[in-house]
Amino acid sequence: MRTEATSVRETVREAARRLKEAGVPEPEASSQTLMAELLGVPRTEVLLLEEPLSQEAAERYWAWISRRLRREPVQRILGYAYFRNLKLYLNEDTLIPRPDTESVVEAALERIDARGYPCRVLDIGTGSGAIAIAIAQERPACEVHATDVSGKALEAASRNAALNGTEVSFHLADLVNGLCLPGDGVDLLVSNPPYVDVRGAERRLAPEVREWDPPVALYSGEDEYAFFRRIFEETPPVLKEGADVVLEVGDGQWEKVSKMGEALGFEPLGTRKDLAGDIRAVLLRWGGDR
């Protein structure tokens with residue numbers, strides 16, 4: 001990779017050109033974001049900077065671009081991701097939090113506000129802590145708990161909660177197995193569970209996902225609905241009567257997930273779309289008025 005003292009603007013444009021030629025998605029966004037994070041400036045400013053990069057900065061930038069050319073996600077290169085108002089550090093056991101999941105947080109906040117009082121919240125499969133920490137930050141009166149089967153993921157989530165000034169209680173648990181919560185259960189359960197059928201991974205997933213996200217957080221085995229079924233079957237003991245449930249779903253999964261929940265005692269409350277207009281969250285209530 002070249003490291004001559006060209007301007008920031010020229011360097012970013014050259015990086016975008018190389019990424020585009022290699023077939024990397026959104027080459028301009030990648031080249032600009034990496035430069036913005038390197039220099040600590042807004043992304044909108046990097047194409048306005050005419051001063052040259054230092055040799056050290058140029059070498060680091062082109063090393064990052066080399067990694068992006070191998071389809072390593074920008075967030076993995078940086079070691080952190082942005083989600084709502086949060087900066088979240090990642091490790092090999094944490095899924096990269098994506099904008100689609102922000103609609104799940106919005107749905108959870110909606111259900112919390114509808115109750116009109118502080119809630120006890122449980123996030124299952126928390127990973128980096130994105131959902132749990134966002135809820136704790138934006139509804140600080142809530143008591144927020146989160147589980148994950150990975151101790152390394154919980155290390156990242158605990159660090160992220162502290163760095164973002166929030167209080168979340170993290171628990172090492174497979175869904176809710178062995179989980180002991182204070183009080184009489186939770187008012188809201190939220191989860192972004194693994195929902196990708198491992199058999200369709202090669203066809204459905206981009207290299208940035210398939211090769212870089214942790215399989216345990218991504219794949220549900222040979223049944224893409226396996227974790228939804230487990231949630232409906234295993235979580236009722238920790239739910240209060242009438243507790244709300246908000247689940248992230250994959251493309252085209254919402255109807256089957258809703259029907260599965262209804263068959264197991266959950267009342268469907270509707271769905272919510274992500275920014276692209278796809279149904280991304282399914283809302284249910286445990287027990288309801290039954």
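Side chains included, hydrogens not; waters and symmetry mates left out as well; all remaining heavy atoms used.
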Shortest non-hydrogen pair, S191 vs D123, comes out as CA-OD1, 4.1 Å
Co-membership, hydrophobic cluster, residues L78 and Y61, 4.5 Å side-chain: yes
query: Under a 4.5 Å side-chain heavy-atom rule over Ile, Leu, Val, Met, Phe, Trp and Tyr, are L38 and L47 clustered together?
result: yes
Are any side-chain N or O atoms of T33 and backbone N or O atoms of A29, one a donor and one an acceptor, separated by less than 3.5 Å?
yes
Let me see the working for T235 and V186 under side chain to side chain contact (heavy atoms under 4.5 Å, CB included), right down to the final yes or no.
-> CA-CA 10 Å; T235 63; V186 300; over 6 Å; no
Residues pairing under ring pair (Phe, Tyr, Trp, His ring centres under 6.0 Å) where one sits in residues 100-139, two or more places apart or in two chains, turn out to be none
Discussion item. Is the shortest side-chain heavy-atom distance between R76 and I96 below 4.5 Å?
Written reply: yes
One should read off an interatomic distance between I112 CD1 and C142 SG, to the nearest 0.5 angstrom, of 4.0 Å
With sequence neighbours left out, the residues meeting side-chain contact (heavy atoms from CB on, under 4.5 Å) with L175 are I124, F227, R230, I231, E234
Partner of F232 under ring-ring contact (aromatic ring centres under 6.0 Å, His included), picked from Y225, F266, W286, is F266
T94 side chain to N91 backbone, donor-acceptor under 3.5 Å
yes
>> Test your reading of the model: is there a side-chain donor-acceptor pair from N164 to the backbone of L86, 3.5 Å cut-off?
In response: no
task = Give a yes or no on whether a salt bridge exists between R60 and E56, defined as a side-chain N under 4.0 angstrom from a carboxylate O.
result = no
Value for CE (M35) from CG (L49), rounded to nearest 0.5 Å, stands at 8.5 Å
Heavy-atom closest pair (R70 atom, W212 atom, distance to 0.1 Å) is O-NE1, 4.3 Å
Measure the shortest side-chain to side-chain distance between L163 and Y89 over non-hydrogen atoms and say whether it is less than 4.5 angstrom. yes
Could you walk me through whether T147 and L172 pass side chain to side chain contact (heavy atoms under 4.5 Å, CB included), step by step? CA-CA 6 Å; T147 70; L172 183 65; over 6 Å; no
Establish whether V238 and L247 are linked, either directly or via other cluster members, by ILVMFWY side-chain heavy-atom contacts under 4.5 Å.
yes
**Item:** 4.5 Å side-chain heavy-atom contact, V245 and R285
**Value:** no
Note to self: Are there over 12 heavy-atom neighbours, none belonging to E45, within less than 6.0 Å of that residue's CD?
What the structure shows: yes
Rounded to the nearest 0.5 angstrom, the CD-CZ distance for Q32 and R13 is 9.5 Å
Side chain to side chain, D244 and L269, heavy atoms closer than 4.5 Å: yes
Here the pair of heavy atoms bringing A281 nearest to V249 is N-CG2, 4.3 Å
So, do E143 and V121 sit near enough that their side-chain heavy atoms are less than 4.5 Å apart? no
hydrophobic_cluster_shared for I131 and L181, side chain cutoff 4.5 Å: no
Correct closest heavy-atom pair for H171 and S169 would be CD2-O, 3.3 Å
Closest non-hydrogen contact found for T166 with A136 is CB-CB, 4.0 Å
Item checked: Worked verdict on S30 versus W64 for side chain to side chain contact (heavy atoms under 4.5 Å, CB included) -> CA-CA 10 Å; S30 293; W64 283 357; over 6 Å; no
Charged N-O contact under 4.0 Å between E106 and R84 | yes
Between L239 and A243, the two heavy atoms sitting closest are CB-CB, 4.0 Å
Salt bridge between D223 and R229, side-chain N to carboxylate O under 4.0 Å?
yes
Check your understanding: Does D93 pair with K152 as a salt bridge, N-O distance under 4.0 Å?
Key -> no
Exercise. Taking it one step at a time, do I133 and V144 satisfy side chain to side chain contact (heavy atoms under 4.5 Å, CB included)?
Worked result: CA-CA 8 Å; I133 296 169; V144 182; over 6 Å; no
Looking at side-chain heavy atoms only, is the closest gap between W254 and K273 below 4.5 Å? no
Ion pair D184/K240, N-O distance below 4.0 Å: yes
Does any part of the side chain of F228, heavy atoms only, come nearer than 4.5 Å to the side chain of Q253, both counted from C-beta?
yes
- Any ion pair linking E211 and R71 (charged N to carboxylate O, less than 4.0 Å)? no
Would you say that more than 12 heavy atoms from the other residues, nucleotides or ligands in this model lie under 6.0 Å from the CG of L48, or not? yes
Practice problem: Go through the steps to decide whether R17 and E21 satisfy the test salt bridge (Lys or Arg N to Asp or Glu O under 4.0 Å), and finish with yes or no. | Solution: CA-CA 6 Å; R17 184 187 67 79; E21 287 181 352; 2.6 Å; yes
I want to check something: taking the side chain as every heavy atom from C-beta on, are V282 and E248 in contact at a cut-off of under 4.5 Å? no
**Item:** Salt bridge flag under 4.0 Å for residues E72 and R68
**Value:** no
The side chain to side chain donor-acceptor pair (under 3.5 Å) partner of R280 among N192, T101, D274, T271 is D274
Main-chain N/O of D187 paired to R115 side chain as donor or acceptor, under 3.5 Å | yes
d(S66 OG, I77 CD1) to nearest 0.5 Å is 9.5 Å
So CG of D113 and CZ of R111: to nearest 0.5 Å the spacing works out to 10.0 Å
task = Look only at the side chain of D148 and the backbone of T126, and say whether a donor-acceptor pair between them is shorter than 3.5 Å.
result = yes
inquiry  = Quick check: is V8 connected to I65 through a chain of hydrophobic side chains (ILVMFWY, heavy atoms under 4.5 Å apart)?
reply    = yes
* Asked: With a 4.0 Å cut-off, would you call D278 and R272 a salt bridge?
  -> no
Give a yes or no on whether a salt bridge exists between K259 and E255, defined as a side-chain N under 4.0 angstrom from a carboxylate O. yes
Value for CZ (F83) from CD (Q75), rounded to nearest 0.5 Å, stands at 12.5 Å
